[in-house]
Amino acid sequence: MRLSRYFMPVMRDVPKEAEIVSHQLMLRAGMIRQESAGIYSWLPTGFRVLKNIERIVREEQDRAGALEVLMPTIQSADLWKKSKRYGDYGDEMLRIKDRQGRDMLYGPTNEEMITDIFRQGVQSYKDLPRNLYHIQWKFRDERRPRFGVMRGREFLMKDAYSFDLSAEAGRHSYNKMFVAYLRTFARMGLKAIPMRADTGPIGGDQSHEFLILAETGESAVFFDRDFYDMDWRAFEIDYDDVGRVAEVVADFTAKYAATDEKHDAGEFEKRVPEARRLSGRGIEVGHIFFFGTKYSDPLGCTVQGPGGEKITIESGSYGIGVSRLAGAIIEASHDDAGIVWPVAVAPFHVGLVNLKVGDVATDAACLDLYEKLGRAGVEVLHDDTDERAGAKFKTMDLIGLPFQLIVGPKGLKDGVVEVKDRKTGARETLPPDAALKKLAEAVAAEGGRG
RNA sequence: CGGAGUGUAGCGCAGCCUGGUAGCGCACCUGCUUCGGGAGCAGGGGGUCGCAAGUUCGAAUCUUGCCACUCCGACCA
């Protein structure tokens, strides 16, 4: 993309409505625009990040055997009345009426609808297990939206729903999602610690929240320092290997980690030596539940077993805050100059900076590199504007692309260009071909197309 | 929803107390000079002062009501 043809309204001053750093940086980098409290437009740069996050989530859900569907944002109230949650959900649910006066709602979640879909489509035990998910906008009319996209009222969420014949089988479905979440967040460069959690209004008896550590997090968290030594890479695993999947889950759940609601100070002291006890604040980026027959019972979601008997389906649900992650990743990865994107979610991989637009040799060199990088699968934002060099560097640092490729007449005279690593600040001068090779390799290594 | 606060140009702000028809910085446009880490000079464009009613000869400014947004608390991806 050529910056001269792009739409990226960056700001030098911080809009006063933004309190936390991720919100400030998203606004300053021209990623989002607030439309009303807790509701945002995603501008081109922000939208690219959102799509990258969504892509990783989708790839890992698919890998774990979940099947993607798309349910509507608007739902009829009927299903919710059947599950008794129409009343329970309270003012958080945005209720609307259609022209016939029918009660409708903007979905805050989809347990009822997916259960109904599944009930209608499956009659035999032979059709289980299954896991269906979608990535769709939700609306929850929060009492107090805040922190930009981290706690919006309208937000993009991945929600998956598992259907099993027995509680044991349901446990494996739960464990698969647990592992898929570890992989998903690892690919985004995050260490998301699984913590025991309250089940809240969703209900059920087994639940974990995945939290990343950040000072601005909304939950107080208590955990074992040993988590830092875990293998957080997106390790390979055979999801059909029930024992192995359970082992990974056991490994992560053996260590103490809990949010304040579930925290037990006595147990913490008993299980974790003092030197390893850590506390801090965390941002919840994922939440998984196993709730058994809570929805299948009232909605009559059953299948016929081998002996002709009726089996009530055991279910779980699994959420990831896709739009929240955009803010959460920035909270976890930024410095004084701006955002520092992990390669896998960066809006572009490389910022190509032309230091002297209008200089024939420099323009030609930039164009050549731009085309070659594109062919190598590297996404490039080419700053071909006639801004001053200083301003260009500030902008590049602000928007946080992982690499900057800096091309100017002085370097070209010596046959070199400069490559800057945004994260480390390291700069290297090398011939254009070598720079190209280096960037292509770095992006291939870290970009992690699943 | 309880408490606190803010609405004046795209963004950040001053002006309001003590009414007289709107200003600063950045950004934007034009020209010249500059040009390897947010340039200088000169000229220029842009605002129903959140909305409505009231007081007044006259309201950004005073009064009342409403709306929007932000922050602090209880819930959640």
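Because the structure is a prediction, the values reported are computed rather than measured. Chain naming here is simple, since letters A, B, ... match the order of the sequence lines and numbering starts at 1 in each.
In this structure, B/A14 makes no Watson-Crick or G-U wobble pair, since no nucleotide meets both defining distances under 3.5 angstrom. The partner of B/U21 cannot be assigned: no Watson-Crick or G-U wobble pair with both contacts below 3.5 Å exists in any strand. Using the Watson-Crick or G-U wobble rule with both distances under 3.5 Å, B/C35 pairs with nothing in any strand shown. Within the shown strands, nothing qualifies as a pairing partner of B/U55 under the Watson-Crick or G-U definition with both distances less than 3.5 Å. The nucleotide B/U6 finds its pairing partner in B/A68, both defining distances of the Watson-Crick or G-U wobble pair being shorter than 3.5 Å. Pair check for B/C76 finds none; no Watson-Crick or G-U wobble contact set falls under 3.5 Å. B/C28: Watson-Crick or G-U partner is B/G44, with both key distances under 3.5 Å.
Within 4.0 Å (heavy atoms only), A/Gly152 reaches at least one base atom of the nucleic acid. Residue contacts shown for A/Val322 are absent, as no nucleic acid heavy atom lies under 4.0 Å away. A/Lys158 comes within contact range of no nucleotide atom at all, as no heavy-atom separation falls under 4.0 Å.
Comparing B/U8, B/C11, B/C76 by their nearest atom to the side chain of A/Asp13 picks out B/C11.
Taking the six-membered ring wherever Trp is involved, the centroid distance between the rings of A/His263 and A/Phe222 falls below 6.0 Å. Checked against the 6.0 Å centroid threshold, A/Phe252 and A/Trp232 count as a close aromatic pair. Under the 6.0 Å cut-off for aromatic ring centres, A/Tyr40 and A/Phe155 do not qualify, their centroids lying 6.0 Å or more apart.
The two residues A/Val357 and A/Thr385 come nearest to each other via the heavy atoms CG2-O, 3.1 Å.
Within residues 17-25 of chain A, the residues having any heavy atom under 4.0 Å from RNA chain B are, by residue number, A/Glu17, A/Glu19. Listed in residue order, the members of residues 34-48 of chain A having a heavy atom less than 4.0 Å from RNA chain B are A/Gln34, A/Ser36, A/Ala37.
Atom name C1', nucleotides B/U34 and B/A39: the rounded distance is 7 Å, in whole Å. If you take atom P in B/G50 and the same atom in B/U33, they sit 44 Å apart, rounded to whole Å. Using atom P as the reference point in both B/A14 and B/G58, the two lie 30 Å apart (nearest Å). The P atoms of B/A52 and B/U61 are separated by 12 Å, rounded to the nearest whole Å. Nucleotides B/C41 and B/A59 have their P atoms positioned 40 Å apart, rounded to a whole Å. If you take atom C1' in B/U55 and the same atom in B/U64, they sit 11 Å apart, rounded to whole Å.
Side-chain nitrogen and oxygen atoms of A/Arg144 include at least one within less than 4.0 Å of the OP1 or OP2 phosphate oxygen of B/C72.
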With B for base contact, S for sugar-phosphate-only contact and - for none (protein heavy atoms under 4.0 Å), nucleotides 31-51 of chain B reads ---BSBBBB------------
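When only modelled atom types and interatomic distance are considered, A/Ser162 and A/Asn131 share no side-chain donor-acceptor pair under 3.5 Å. In this model, no donor atom of one side chain and acceptor atom of the other lie less than 3.5 Å apart for A/Tyr318 and A/His208. Looking only at atom types and distance, the side chain of A/Tyr295 has a donor-acceptor partner in the side chain of A/Arg85 under 3.5 Å away.
Rounded to whole Å, the distance from CZ on A/Arg153 to C1' on B/A77 is 16 Å.
Between the base of B/C76 and the side chain of A/Arg151 there is a donor-acceptor pair shorter than 3.5 Å.
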